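Notes follow once the structure below has been shown.
Keep in mind the model is a prediction, meaning the values are calculated, not measured. Numbered from 1 within each chain, the chains take letters A, B, ... in sequence-line order.
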4 protein chains.
Amino acid sequence: MPRVSEEHLERRRRQILDAAQLCFARKGFNATSMQDVFTESGMSAGAVYRYFASKDQIIWALVAPTLGPLRERLAAYIRTEQTPTPAEVIRMLTREIVARSGPDGPLRLAPQVWALALVQPDAAAIPVRESIAGMRELWLEYAIRMRELGWVPDDTDADALAKAMFGLLPGFILQHLLLNDVTPDDFARGVEVMLPGPRP
Amino acid sequence: MPRVSEEHLERRRRQILDAAQLCFARKGFNATSMQDVFTESGMSAGAVYRYFASKDQIIWALVAPTLGPLRERLAAYIRTEQTPTPAEVIRMLTREIVARSGPDGPLRLAPQVWALALVQPDAAAIPVRESIAGMRELWLEYAIRMRELGWVPDDTDADALAKAMFGLLPGFILQHLLLNDVTPDDFARGVEVMLPGPRP
Amino acid sequence: MPRVSEEHLERRRRQILDAAQLCFARKGFNATSMQDVFTESGMSAGAVYRYFASKDQIIWALVAPTLGPLRERLAAYIRTEQTPTPAEVIRMLTREIVARSGPDGPLRLAPQVWALALVQPDAAAIPVRESIAGMRELWLEYAIRMRELGWVPDDTDADALAKAMFGLLPGFILQHLLLNDVTPDDFARGVEVMLPGPRP
Amino acid sequence: MPRVSEEHLERRRRQILDAAQLCFARKGFNATSMQDVFTESGMSAGAVYRYFASKDQIIWALVAPTLGPLRERLAAYIRTEQTPTPAEVIRMLTREIVARSGPDGPLRLAPQVWALALVQPDAAAIPVRESIAGMRELWLEYAIRMRELGWVPDDTDADALAKAMFGLLPGFILQHLLLNDVTPDDFARGVEVMLPGPRP
DNA sequence: TATGAATGAGGTTTCATTCAT
DNA sequence: CATGAATGAAACCTCATTCAT
């Protein structure tokens, strides 16, 4: 069935990535065999390899969507006119995380991606590092805004604050995925105690 | 009457675990072959398999020491007479983390352990879950103490606060291991802004 | 009434064979994938398979032209009125070989064809055997003529002489292709020492 | 069965090489699967790969013995006190060739090795080229001796003569392997016509 | 008790060929 | 007629584990 539309190709790619996502979320990168991906996607070996040159390529193609969208949401949210309080930001983000943590949600891969990045030759892990660094920059932007708004003392080290606030997210992801006993509201309430918004 | 001393057996086990630790930290659980462990430990295949029944057994034997000692330190620290401030606790813990994150430090395996636990059948992951849950219980204990000391409002949801505070640690570990640009002091300073200690 | 001209069909076949020739000369029969042939010929898989039923068919279609023309040239040359001396014959043939040994020359396939014939079921290799046998018959014809002309003793075993003379060619081909330090003149000069022509 | 003798290891290597030799001679390098080698050798995949890192390594390990011993025989023969005539040298060498051309004889691989060398990146083919060049050097040595002995004219181009004489061997190998109708005596008789020894 | 050679299932990937469009 | 996406068998190789010595 030659001469297929661009759209068809994209659909095939998605078909593979969705299948791989599911497999990886269930069994992990390594325990998932390419055969698993073939079966789950309903495609043949040759077909899959027409779209991705190797298993690694599939894995890396799933890395970007893991953290990218989260970052965009954060960027949009902290730049609204009415700057949200830390608790509000955290509630929004953790809700986003929960929404993307379903059996086929990209965030289910996050811990695996972290582990992978730690173990990969430096070059290969760059996208992961940049993804994390990019997210943290947004938190820095937000920390500065907090200082401007007088929510934290004028002499606050915004960088340090950003590192700490960013640090909350992996902790939420882990607790959510592993213990499954933390809700966005829980977490936001906890953060509310730590970081109040506008002082009355 | 065993042919070899108990001590000898323990030394052998350590020899294997140390070698495996190093290999796993360098290449990850999956990319590390048993041959790597044989070579690194200077032992033969048969010798290693006399002490551990499988590769998995070695991996799981390394999981407990990953988080266990950290928990003990936290327990000791928050139970001192002069309750430390949150920033002090975080500084102490992150220092501990840094100290255990060297090339052969157990904490270098943490992200891999998280990833493993997510992907393993539920039963197998229980130790990891318990380890995390146990750590969080200490944070709950500490949150309650904070409330008692009046560091946080009386109506504070201690459970939520514990979840949030605990959540900081994975974030520090990740930033430290992946970006390597966060010091315990940075982090503590950030937390200080969030969670003050005794009110003046 | 065919839809396309005979000429068109022939042109297509040539297009494929030329592309395959080049690929085979560069990478060998086995390392050349059909995809290589598709790309080099600028044709699609389906198109190529319309003209040749299989990769093997393409290979065998290239075998005949490898040695055939050489044979015709030899036939023509030794049958001229003024019988050429052995050195002259060799010079002519080796020149022909050099001319056909360019990057896309059929003779670059010769060693591969020999190897193939040795390994193929007997039936399949018949064309190669016949090609070689046919060439050697011409040498026999020439050896007999040499004897008639008194260039070699009357009791010369023409068959043995033919086998020896024929044997020179593969040696030249190999040296030329692999070492690339033998010219037709070199070789002819060497042969001149071995086999003089008309005695003064 | 650890702690095996050096001899045992060597026997294993031979076992693999012999099996591979046979397979390669029967089906060619490419049509021979590693599974064929496992089966023929009676060894398992893992066992074979303990001795050779790849199929290529096995192939190249078979290349040296293809031409090496022939060269040694030639060296010894032409350096005897009583220099043999060309026909005698050829008879000796072709006998050697025949002896090594059985179903499991290394010379059955010669044409495949030639083909391989033509198609391999330059570096990989160096051993083949050197093997051929080394053989030809011996012929040069012999050609010079012929000139010294007055068997050929004083102004003979020894280099050219060496190239021509060497050229006879591949031709014999091919005729012997492919047509199987040439005996060493045939060939020597043919050469005798071409190149006489001591003039009466 | 220690050794390390051996096993063999299973992993990823390739590629000649087909056939719906 | 042409296209090129799809097939799927089979290739090479790895590696956790065993067990004869």
Side-chain angles (χ1 to χ4, degrees), chain A residues 1-5 8-9 11-12 30-38 41-58, chain B residues 2-4 8-9 12 30-39 42-59, chain C residues 2-4 8-9 12 30-39 42-59, chain D residues 1-5 8-9 11-12 30-38 41-58:
Chain A
M1 89 201 43
R3 179 81 16 118
V4 296
S5 63
H8 171 82
L9 267 65
R11 208 161 45 230
R12 284 301 221 185
N30 283 275
T32 297
S33 71
M34 285 306 287
Q35 187 55 58
D36 291 336
V37 177
F38 305 152
S41 66
M43 294 171 69
S44 68
V48 169
Y49 274 89
R50 166 169 289 276
Y51 293 90
F52 293 94
S54 67
K55 187 180 178 180
D56 267 5
Q57 297 272 319
I58 298 182
Chain B
R3 299 283 298 275
V4 297
H8 173 79
L9 290 174
R12 288 299 227 183
N30 291 280
T32 297
S33 69
M34 286 305 286
Q35 186 54 58
D36 291 336
V37 177
F38 304 152
T39 305
M43 295 171 69
S44 68
V48 169
Y49 272 88
R50 174 161 294 281
Y51 294 92
F52 293 93
S54 69
K55 187 181 178 181
D56 270 1
Q57 297 272 320
I58 299 181
I59 292 175
Chain C
R3 300 283 299 275
V4 297
H8 172 78
L9 290 174
R12 287 299 226 183
N30 291 279
T32 297
S33 69
M34 286 304 285
Q35 186 55 58
D36 290 337
V37 176
F38 304 152
T39 304
M43 293 172 69
S44 69
V48 169
Y49 272 87
R50 175 161 294 280
Y51 294 92
F52 293 94
S54 69
K55 187 179 178 181
D56 271 1
Q57 297 274 319
I58 299 181
I59 292 174
Chain D
M1 86 201 43
R3 180 81 16 117
V4 296
S5 64
H8 170 82
L9 267 63
R11 207 161 46 230
R12 285 301 222 187
N30 283 275
T32 297
S33 70
M34 286 305 288
Q35 187 54 59
D36 291 337
V37 177
F38 305 151
S41 66
M43 294 171 70
S44 67
V48 169
Y49 276 91
R50 167 168 289 276
Y51 293 90
F52 293 94
S54 67
K55 187 179 177 180
D56 268 4
Q57 297 272 319
I58 299 182

Requested in this report: Can you run through DNA chain F from 5' to 3' and write each base as (, ), [, ], | or . depending on how it pairs? Watson-Crick or G-U wobble, both distances under 3.5 Å.
Outcome: .||||||||||||||||||||
Query raised in the report: Phosphate oxygens OP1/OP2 of dC1(F): is one of them under 4.0 Å from a side-chain N or O of Arg12(C)?
Result: no
Report summary line: Between CD of Gln35(B) and C1' of dC13(F) the distance, given in whole Å, is 16 Å
Requested in this report: Determine the contact category for Ser33(A): base if any of its heavy atoms lies under 4.0 Å from a base atom, sugar-phosphate if only primed atoms, P, OP1 or OP2 are that close, otherwise nothing.
Outcome: sugar-phosphate
Report task. Check DNA chain F against residues 49-58 of chain A and give the residues with a non-hydrogen atom under 4.0 Å, in numerical order. Result -> Arg50(A), Tyr51(A)
Report task. Hey, which sits more toward the 5' end of DNA chain E by its nearest nucleotide, Ser44(D) or Asn30(C)? Result -> Ser44(D)
Query raised in the report: Of all residues at least two apart in sequence or in a different chain, which pass the side chain to side chain contact (heavy atoms under 4.5 Å, CB included) check with Ala47(A)?
Result: Met43(A), Ser44(A)
**Report entry** Gap between atom CD1 of Ile59(B) and atom NZ of Lys55(B) - 0.5 Å precision
**Finding:** 5.5 Å
Report task. Whole angstrom is fine here: how far is it from CG in Asp36(D) over to C1' in dA10(F)? Result -> 12 Å
**Report entry** Comparing Met34(A) and Gly42(D) on DNA chain E - which has the more 5′ nearest nucleotide
**Finding:** Gly42(D)
Query raised in the report: Shortest non-hydrogen contact from Tyr49(B) to Ser54(B)?
Result: CE2-CA, 4.0 Å
**Report entry** Closest non-hydrogen atom pair, Val48(A) against Met34(A)
**Finding:** CG1-CE, 4.1 Å
Query raised in the report: Between His8(A) and dA6(F), does any side-chain N or O lie under 4.0 Å from OP1 or OP2?
Result: yes
Requested in this report: Determine the minimum heavy-atom distance between Leu9(A) and Tyr51(A), stating which atoms define it.
Outcome: O-CE2, 3.8 Å
Query - Met43(D) CE to dC13(F) P, straight-line distance once rounded to whole Å - result: 16 Å
